[in-house]
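Comments concern the structure below.
Just so we're clear, the structure is a prediction, and the values are computed from it rather than from any experiment. Chain letters run A, B, ... following the sequence lines, proteins first and then strands; every chain starts at 1.
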There are 2 protein chains.
Amino acid sequence: MNEPAAPNAPGRVGDVRRRNLSLVLDSIARTGDSKPSRAQLAAGTGLTKAAVSSLVADLVESGLVAEVGLYRDGERGRPGQGLELSSRRGVVGMEINVDYLSVGLVDLAGNLRFSASIESRNRGLAPDAVMARLAGLAAEARAAADAEGISIMGGGLAVPGLVDEQRGIVLSAPNLHWQYERLDPQALLDGAPLGVRLSNEANSAALGELWYGGGRPDFLYVSGEVGVGGGVVIGSELYTGPGGNAGELGHMVVHPDGPPCSCGGAGCLETFAGQEAIFQAAGIAEGSFKERTELLLRALDDGTPAASKAVDDAGRYLGVALASAARLMDVQAIVLGGHFAVLGQWLMPALAGSLERHAPGLLDPKNLTVSGLEHSGTLLGAAGQVIRSVIESPFEFLLAAKLA
Amino acid sequence: MNEPAAPNAPGRVGDVRRRNLSLVLDSIARTGDSKPSRAQLAAGTGLTKAAVSSLVADLVESGLVAEVGLYRDGERGRPGQGLELSSRRGVVGMEINVDYLSVGLVDLAGNLRFSASIESRNRGLAPDAVMARLAGLAAEARAAADAEGISIMGGGLAVPGLVDEQRGIVLSAPNLHWQYERLDPQALLDGAPLGVRLSNEANSAALGELWYGGGRPDFLYVSGEVGVGGGVVIGSELYTGPGGNAGELGHMVVHPDGPPCSCGGAGCLETFAGQEAIFQAAGIAEGSFKERTELLLRALDDGTPAASKAVDDAGRYLGVALASAARLMDVQAIVLGGHFAVLGQWLMPALAGSLERHAPGLLDPKNLTVSGLEHSGTLLGAAGQVIRSVIESPFEFLLAAKLA
DNA sequence: CCATATAGTTCAGATTGAAAACTAAATCCC
DNA sequence: GGGATTTAGTTTTCAATCTGAACTATATGG
């Protein structure tokens, strides 16, 4: 869709403006509610007022930034024109999960302007059937955008599995029983200038947490779904590794003599802390995920020993994996999401204890938190990736928008 | 010393030239022996011939690049002027280790032009005493540089411990019994325009491997010294983590019920695969490192069961840690250095087996290798950091050189 | 010796930010 | 109420630096 600048591309004179457009736009995005003036942007970025004026003019003309009336900062002097990200440009976040589909309309500033979701037993369903249902939801989002006067720039689609972003292929999504499925995400938002970006669910949730949640620059996001996934955020960027598969927390080895795992290995975290493992250890075998989760929570509330032990064990082994991860990557904050967030209060004691036992003093307990975004985190992250790409490369967006 | 460009600095017109100077210089460095002409550089970088001519003129004037006579590429037409990194600019790499000190003079192209080392039982010695001995070696390197007509740009000093690069402080080097020692690395090479950069031994070894060894862009370097250290190289850059302490492979947890470790944790890799742990498990208690290593190697040669088991166990647990690391960071190649390189042939079977058991198919066995640089890897890496900083920011070097 | 091919230089033109002067719009204070 | 002051934003001039095209330099081939 948009070609990223090659790292070895020659510097041209025009690159300076590309960079400064992004710098100013990002500055406006970061300042958020306080709606900076051109003069404040100049002070904040180190650019001259003249340069900022010229850059802002381009951004306003493109529709990415809007002026929002006068704004008084100090007591004297001419008041500035407040600037903010346009609320008339949006991105559609979409999520396919095991038992539901959801969409959300997110504006440039990150506000969730519309959302909808439906239950859908997707496991084992053909990708085409799932995509057809999702297309219905996407149409709702487009209608909502029309109603609110929001122009849709693009979309993000998160799926619980390994994906090839470039080619729109789901390499493997074991929980959906999908294997090497070629989707057509573009069809969901026909005509959107930036298209639809396919992404991994855990990674999107991690990015949602980064941009619209806790907001730390460095943390490890742990997503306990059917599998145990993770997203590594370093320096406010997702670390995906040389092959794009980093963050596979679920298959870190937490016991050298542990049981065999579905991945072919042995002693993986997932065999101790995956949803299935916890349900099984707690003696809860029947029903949908939702039903079993409710049974488990009730059992924990009642203090049922098997349930408590199951969650304690999961927490302890999760602690082993996180201790190793913290040592290796020097990660100093951890955010729990998905199933782990739901189990938070029961999981934490064993987890914190295990971390302290294996990596004493390495991680401040107050940096071990539960995600507050719940299900919308993935949606926000999926949409956010497109929004960030615009903020980081506004020039490229202008081109894409002009061509369309 | 030289201030790195802030990530949020505004782009200025002059930045374009900074970047292109680096692009051209790096291009010359990469092309290596084949001594490219200006026209070839233009084709390779995407810059115009005019721009390359102008950039090369600056680089030649600064003494970083030299013309090396005519060079014929095709059959017809005017031959080009071959260009290469100057062999008259060098950096001194220095290393403090537990039982020796060493220095090396490395020219811009990465050739080791001179090296020397002395045995020195540094454990427990005062930093001042060690630095005084090292200064003697450094003086030899300077004399060698004078004799060869090499001008010294700066130096790199690697120590086996955690360091604060900026302030020249060794935060902790347990194997030397050093704790928060303020060194004065600058004194070793008084007057060198880029000063002396302090660095961690394992990290330097990893970088040495990157620039002058295997040359993969992504790998995990495992250094088995007294402790077990590591260096994570991703996208041809060292990953140091948000706090600068990434790569602490030795304290990854490889057994949830393992013995206590000196770090206060339990079940750490180091308690199974550290030098001391191996010596102890093999029943070798007395003597210097060198002597004990020789004893161990002889015992392995003889097939002594205790020694074989000690090394097998170390390999197996190392495999557990590396399997986890590979999952988490998606690392696809591993290079063994230090003690592990010495034990290579005895360690490999158990290590490879363990990796395959815990992360089957994840890592191609041919990507599990032993470093070929031996001891000079650390030296080359320490010097290389300064050399790379010049190649990546030639403009800043020009300024620094001009001020001196 | 001249056609041709390739290397490298020179020069006009375009883009862009810095610096400084200027205009615009508010408050302060008498 | 009106000038002084303060702050916001624009205009103008200038310098840096790349591109592109024309030009010069130097080789081979017939």
_Spacing between A/Leu55 atom CG and C/dT15 atom P, to the nearest angstrom_ = 15 Å
*Nearest to the side chain of A/Arg17, which nucleotide is it out of C/dA18, C/dT16, C/dA19?*
C/dT16
*Where the side chain of A/Arg76 is defined as all heavy atoms beyond and including C-beta, which of C/dT27, D/dC18, D/dG9 is the nearest nucleotide?*
C/dT27
*Return the nearest nucleotide to the side chain of A/Ser53; candidates are D/dT10, C/dA19, D/dG20.*
D/dT10
*Counting just side-chain N and O atoms, does A/Arg78 come under 4.0 Å of either OP1 or OP2 of D/dG9?*
no
*Report yes if at least one side-chain N or O of B/Ser37 is closer than 4.0 Å to OP1 or OP2 of C/dG8; otherwise report no.*
yes
_For D/dA16 and B/Arg12 - does any side-chain N or O of the residue sit under 4.0 Å from the phosphate oxygens OP1/OP2?_
no
*Between D/dA21, C/dA18, C/dG8, which nucleotide gets closest to the side-chain atoms of B/Ala39?*
C/dG8
*So, the side chain of A/Asp164 versus the backbone of A/Gly168: is there a donor-acceptor pair under 3.5 Å, distance only?*
no
*Rounded to the nearest angstrom, tell me the gap between atom CG in B/Leu23 and atom P in D/dT17.*
15 Å
*Please report, rounded to the nearest Å, how far the C1' atom of C/dG8 is from the CG atom of B/Leu47.*
15 Å
*Just checking A/Ala42: base, sugar-phosphate only, or nothing, at a heavy-atom cut-off of under 4.0 Å?*
nothing
*Return the 5'-most residue of the pair A/Val13, B/Pro10 with respect to DNA chain C, ranking by each residue's nearest nucleotide.*
A/Val13
*In a check of side-chain contact (heavy atoms from CB on, under 4.5 Å) between B/Leu64 and each of B/Val390, B/Leu85, B/Ile391, which one passes?*
B/Val390
*Got a donor-acceptor contact below 3.5 angstrom from the A/Ser376 side chain to the A/Leu373 backbone?*
yes
*Nearest heavy-atom neighbours spanning A/Arg12 and B/Val16*: O-CG2, 3.4 Å
*What distance separates B/Ile150 CD1 from B/Ser87 OG, expressed to the nearest 0.5 Å?*
7.0 Å
*asked:* Please report the distance, rounded to the nearest Å, between CG in A/Leu41 and P in C/dG17.
replied: 14 Å
*Starting at atom CD of B/Gln81, determine the distance to atom P of D/dT24, rounded to an integer number of angstrom.*
21 Å
*Name the residue closer to the 5' end of DNA chain D, choosing between A/Arg38 and B/Asp15 according to the nucleotide with the nearest heavy atom.*
A/Arg38
_Whole-Å gap separating P (D/dA8) and NZ (A/Lys35)_ = 18 Å
*asked:* Need to verify one output field. Residue with the more 5' nearest nucleotide on DNA chain C, A/Lys49 or A/Gly46?
replied: A/Gly46
*Closer than 4.0 Å, any side-chain N/O of B/Asn20 to the OP1 or OP2 of D/dT17?*
no
